[in-house]
Amino acid sequence: MTSTPAETSSAATTPPISTPPPAPAWKVGAKPLPLSREGFGQILPTPPVLANRSLPTTDLLPPPAGNRFSGTVDPVPTEVLARSTWQAGCPVAAAELRYLTLSFWGFDGRAHTGEMLVNASVANAVVTVFGQLFAAKFPIEEMRVTAPAELTAPPTGDGNNTSAFVCRPARGQTNWSAHAYGLAIDVNPFCNPYTKGDLVLPELASAYLDRGNRRPGMITAGDRTVAAFSAIGWTWGGTWTTPKDLMHFSANGR
């Protein structure tokens with residue numbers, strides 16, 4: 001049967017049914033953990049979606065042109081310093097820090113550009129290290145400057161930000177961390193957790209204590225990440241007995 005003009009018009013204007021985009025597999029930082037007596041979050045089993053972590057990277061800076069490595073070293077811009085944890089009471093002057101932009105490969109298989117604050121004395125060496133990690137396609141989920149609010153935010157136990165300068169004491173101590181001097185870098189903390197006794201940080205990362213189960217983003221003895229940092233004279237916290245700090249590389253051994 002031939003359609004009438006009215007029927008044809010009605011069919012032509014019927015809007016298509018749209019499918020909403022899929023919900024993200026996991027939203028980092030969305031669920032604060034109950035606090036322990038020590039002030040850390042409660043240590044809980046790793047959620048299945050994070051047991052083989054492969055979350056996409058959100059771009060804060062334009063990705064590198066042509067998927068080629070780019071690393072820059074500059075004095076810290078005023079706006080970057082303002083959104084960092086630096087303050088007048090920190091053990092390093094703002095003029096002693098440098099702002100780096102560094103290309104890296106995400107777990108999503110794409111090239112991204114990250115940012116980092118480090119001590120000026122190690123800036124060029126750090127660029128060399130991340131150039132080698134880029135060449136090896138070692139995956140990094142996130143690389144951004146730590147914000148002041150993160151120091152006092154309720155723990156969520158799911159962070160995986162690769163970062164350097166953070167003006168804070170060493171864990172469980174009153175003396176300054178090597179991070180407070182811009183002389184330490186934590187690489188993929190969730191994939192390479194800190195442990196001391198029953199404490200695991202990040203608190204949801206217990207699945208990554210099994211170092212025999214090799215997954216992307218993990219650091220193991222003798223691998224290219226350890227070799228790259230060793231070549232510039234940095235030590236790896238994975239060689240410590242207690243605590244064992246698998247994410248941590250430092251220029252001064254702390």
Side-chain angles (χ1 to χ4, degrees), residues 57-106 110-148 150-151 159-168 176-189 192 217 219 224-237 247-254:
T57 296
T58 299
D59 285 313
L60 301 177
L61 297 170
N67 290 340
R68 295 186 300 271
F69 178 78
S70 175
T72 66
V73 179
D74 292 293
V76 184
T78 302
E79 63 88 16
V80 174
L81 193 68
R83 60 180 171 85
S84 78
T85 59
W86 187 87
Q87 55 183 304
C90 294
V92 63
E96 297 176 90
L97 296 173
R98 292 293 181 269
Y99 178 65
L100 309 185
T101 64
L102 300 163
S103 305
F104 67 94
W105 290 100
R110 296 170 50 227
H112 303 274
T113 301
E115 59 172 12
M116 186 179 294
L117 299 182
V118 300
N119 195 289
S121 65
V122 300
N124 290 324
V126 168
V127 172
T128 297
V129 167
F130 281 91
Q132 293 176 7
L133 298 189
F134 187 85
K137 289 202 168 182
F138 176 80
I140 293 172
E141 182 177 319
E142 185 179 19
M143 186 191 297
R144 58 173 176 75
V145 172
T146 302
E150 295 179 70
L151 299 183
N160 204 23
N161 181 39
T162 293
S163 64
F165 173 78
V166 185
C167 191
R168 63 167 176 80
W176 290 112
S177 164
H179 289 282
Y181 297 88
L183 295 173
I185 297 174
D186 289 341
V187 178
N188 286 341
N192 303 289
I219 301 165
R224 291 188 179 186
T225 305
V226 174
F229 278 100
S230 295
I232 64 168
W234 286 39
T235 58
W236 177 42
M247 67 184 81
H248 185 81
F249 293 91
S250 67
N252 60 6
R254 296 187 282 112

Open item on the list: Test side-chain contact (heavy atoms from CB on, under 4.5 Å) on D186 and H248; report intermediate values, then the result.
Closed with: CA-CA 5 Å; D186 289 341; H248 185 81; 3.2 Å; yes
TODO: Could you give me the CA-CA distance, side-chain angles and deciding distance for L117 and V80, then say whether side-chain contact (heavy atoms from CB on, under 4.5 Å) is met?
DONE: CA-CA 9 Å; L117 299 182; V80 174; 4.1 Å; yes
Open item on the list: Let's go through F104 and L133 carefully: what are the C-alpha distance in whole Å and the side-chain angles of both, what is the deciding distance for side-chain contact (heavy atoms from CB on, under 4.5 Å) to 0.1 Å, and is it a yes or a no?
Closed with: CA-CA 8 Å; F104 67 94; L133 298 189; over 6 Å; no
Task: Derivation of the side-chain contact (heavy atoms from CB on, under 4.5 Å) call for L151 and V166 - done: CA-CA 9 Å; L151 299 183; V166 185; 3.6 Å; yes
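One finds the CG atom of N67 at 7.5 Å from the NZ atom of K137 (value rounded to the nearest 0.5 Å). The CZ atom of F130 sits 9.0 Å away from the CG atom of L100 when rounded to the nearest 0.5 Å. Distance check: M116 CE to S163 OG gives 7.0 Å after rounding to the nearest 0.5 Å. If you take CZ on F165 and CZ on R98, they are separated by 13.5 Å, rounding to the nearest 0.5 Å. Between F249 atom CZ and T162 atom OG1 the span is 10.5 Å, to the nearest 0.5 Å. The CD atom of E141 sits 6.0 Å away from the OG1 atom of T57 when rounded to the nearest 0.5 Å.
Judged purely by distance below 3.5 Å, without hydrogens or angles, the side chains of T101 and T72 pair a donor atom with an acceptor atom.
Considering all non-hydrogen atoms of both residues, V145 and S84 come closest at CG1-CB, 3.7 Å. Between Y99 and E115, the shortest heavy-atom contact is OH-OE1, 2.7 Å. When all heavy atoms of P63 and A111 are compared, the pair lying nearest together is CB-O, 3.5 Å. When every heavy atom of T235 is checked against every heavy atom of G253, the shortest pair comes out as OG1-CA, 3.3 Å. The heavy-atom pair separating A123 from V73 by the smallest distance is CB-CG1, 3.8 Å. Residues R83 and P148 approach most closely at O-CD, 3.4 Å, considering heavy atoms.
In this structure, W86 contributes its side chain and V92 its backbone to a donor-acceptor pair below 3.5 Å. At distances below 3.5 Å, at least one donor-acceptor pair connects side-chain atoms of H179 with backbone N or O atoms of A164. In this structure, the side chain of D59 does not engage the main chain of H112 through any donor-acceptor pair within 3.5 Å. A donor-acceptor contact shorter than 3.5 Å is absent between the side chain of S70 and the backbone of S103. The closest donor-acceptor contact from the side chain of N119 to the backbone of Y181 lies under 3.5 Å. Of the possible donor and acceptor atoms, one in the side chain of N192 sits under 3.5 Å from a partner among the backbone N and O of I219. Judged by distance alone, the side chain of R254 and the main-chain N or O of A251 form no donor-acceptor pair under 3.5 Å. In terms of modelled atom types and a separation under 3.5 Å, the side chain of N161 and the main chain of T146 share no donor-acceptor contact.
Aromatic pair F134/W105: ring centres closer than 6.0 Å.
Side-chain contact between L183 and S250: absent, with no pair of heavy atoms (C-beta onward) separated by less than 4.5 Å. With a 4.5 Å cut-off on side-chain heavy atoms, V129 and W234 do not count as touching.
Around the CZ atom of R144, the shell of radius 6.0 Å holds more than 12 heavy atoms that belong to other residues, nucleotides or ligands.
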